[in-house]
Amino acid sequence: MFYIDAVSSVLRLNLEELFHDWRTSVSSCPNTNRPTVAVIGLGYIGLPTAAVLASSGASVIGVDINAETVSTVNQGRVPFVEPDMATTVAGVVSQGYLRATTETPHADYYIVAVPTPFKDGHKPDLSFIETAGKQIAPLLEGNELIILESTSPPGATEFLAETIIKVRPDLTLRPGTAQTIYFAHCPERVLPGRVMIELRTNDRIVGTLNGNAGERARDLYELFCEGEFLMTDARTAEMAKLTENAYRDINIAFANELSVISDGLDINVWELIKLANHHPRVNILQPGPGVGGHCIAVDPWFIVATAPEESSLIRTAREVNDSKPGYVIGKILPQARRIQDVQIAALGLAFKPNIDDLRESPARQIVGKLAEELPEATILAVEPNIDVLPPELEKRSNVALTSLEEAVSAADIVLLLVDHHEFSRLDRSSLDQKIVHDTRGVWN
Ligand code: SAJ
């Protein structure tokens with residue numbers, strides 16, 4: 001975590017210029033001269049979005065149920081690592097453009113960026129969207145625009161609208177009345193690790209549910225987004241986001257399947273993919289220990305849940321990727337059991353390189369399972385981006401968070417799970433005499 005209390009005069013100047021543009025661009029908006037934006041959910045998408053909007057001159061109120069997150073943001077600090085976010089948050093909070101609260105306020109615009117996990121049977125859980133809707137509903141006066149950003153199954157924007165209208169039957173979705181509430185879906189498409197750049201540069205899909213909601217959403221996002229705006233209806237926008245992540249999941253599943261096939265044939269899969277990718281119309285992604293994070297490992301299930309009979313390819317890809325951690329564990333266990341008091345260096349716990357995000361991480365899952373299956377072993381976990389092990393590993397007496405040098409030097413088996421840049425710089429001679437499993441092809 002970083003705390004930068006200095007705000008550059010350059011940022012101040014930009015804010016003033018942009019604030020002028022903002023006022024001009026929203027001059028048609030009702031209520032007040034200076035419309036407010038409430039961002040519901042200060043997580044991996046909500047907080048950077050709130051910060052970027054605020055740095056573009058908007059008056060932003062971030063809302064989160066977690067009082068610690070709210071207090072951290074109000075101190076101008078950030079609750080998780082994302083490159084360049086800390087400076088922006090520090091700047092906009094100190095200038096009063098962003099503040100956080102646990103109480104949903106009235107605003108002219110609402111951006112809902114709450115989690116959409118899945119529950120039993122990989123069914124989407126829309127309860128956070130429902131709660132956000134119920135909290136917003138009593139505050140509405142008419143003509144507000146509510147944008148759903150959370151990745152959602154088709155129909156979720158409609159569900160949010162219905163939730164609100166159920167609480168407030170005096171309001172309507174019919175465009176053009178004083179009681180109309182407008183809804184749009186603008187799925188986020190930013191890559192963790194590049195969020196602050198991609199928020200500004202990615203093209204943006206905008207799906208309208210009613211009236212001119214899409215156009216109004218575009219006007220708001222245009223404050224900071226230089227990408228192209230792609231206008232459609234809410235349902236297509238919801239499905240487009242899921243399609244992008246399912247496409248990537250299927251491509252990674254192909255790479256993971258190739259890696260298992262290659263293993264049995266004694267073929268180096270990294271070389272194989274490199275060769276195939278020289279073909280002008282082939283672009284295979286990279287195999288790994290599995291697919292993690294809260295997006296690609298989750299979103300394709302929303303398509304499967306929506307159309308179970310028609311989505312066999314999407315389901316199979318998910319199953320292939322979900323089976324990869326088990327395959328890695330199956331390779332390590334017999335080797336580890338042959339060595340007395342075996343020490344295993346597990347390099348990386350995050351779900352992808354150079355971030356501290358451990359959500360749905362295959363590396364974390366593999367380390368947990370090894371610790372459980374090998375009670376006599378010592379697992380030396382190396383994760384340069386965290387200070388404390390996640391709770392389920394912390395409580396195990398045979399897992400220790402260790403420095404890279406210490407872990408590699410003590411280990412009988414070195415298992416590389418995440419391609420953090422620290423690991424690619426490792427002196428390869430330190431791996432001599434060790435059993436090495438490089439699941440990411442870093443030392444290939
Ligand atoms: N992975 C591989 N091999 C690869 C690429 C990725 O095994 O060749 C693994 C990663 O290690 C990680 C997982 O896949 O465990 C997902 O990582 P990622 O970098 O592919 O994607 P995310 O989950 O960080 O972000 C994705 C992005 N979607 C697409 O690229 C289509 C991002 O643009 C979305 O905004 C994000 O999901 C989201 O929020 O939905």
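Atoms within each ligand, like the ligands themselves, are counted from 1 in listed order.
Aromatic rings from Y221 and F229 are positioned such that their centres are separated by 6.0 Å or more.
Sorted by chain then number, the residues whose non-hydrogen atoms approach ligand 1 to under 4.0 Å are E188, R189, V190, L191, P192, K241, E244, N245, R248, I252, L285, Q286, V291, G292, C295, I296, D299, F351, K352, R440.
Applying the salt bridge (Lys or Arg N to Asp or Glu O under 4.0 Å) criterion to D233, with sequence neighbours excluded, gives no partner residue.
Identified under the salt bridge (charged side-chain N to carboxylate O under 4.0 Å, His left out) test for residues 381-397, with sequence neighbours left out: R364-E392.
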Taking only distance into account, with no hydrogens and no angle test, what donor-acceptor pairs under 3.5 Å do side-chain atoms of residues 283-308 form with protein atoms, sequence neighbours excluded?
residue, atom, partner, partner atom, Å
D299, OD2, N245, ND2, 2.7
T306, OG1, F302, O, 2.6

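Taking all atoms of both residues into account, the shortest heavy-atom contact from L415 to L370 is CD2-CD1, 3.8 Å. In terms of heavy atoms, N398 sits closest to L374 at ND2-O, 3.2 Å.
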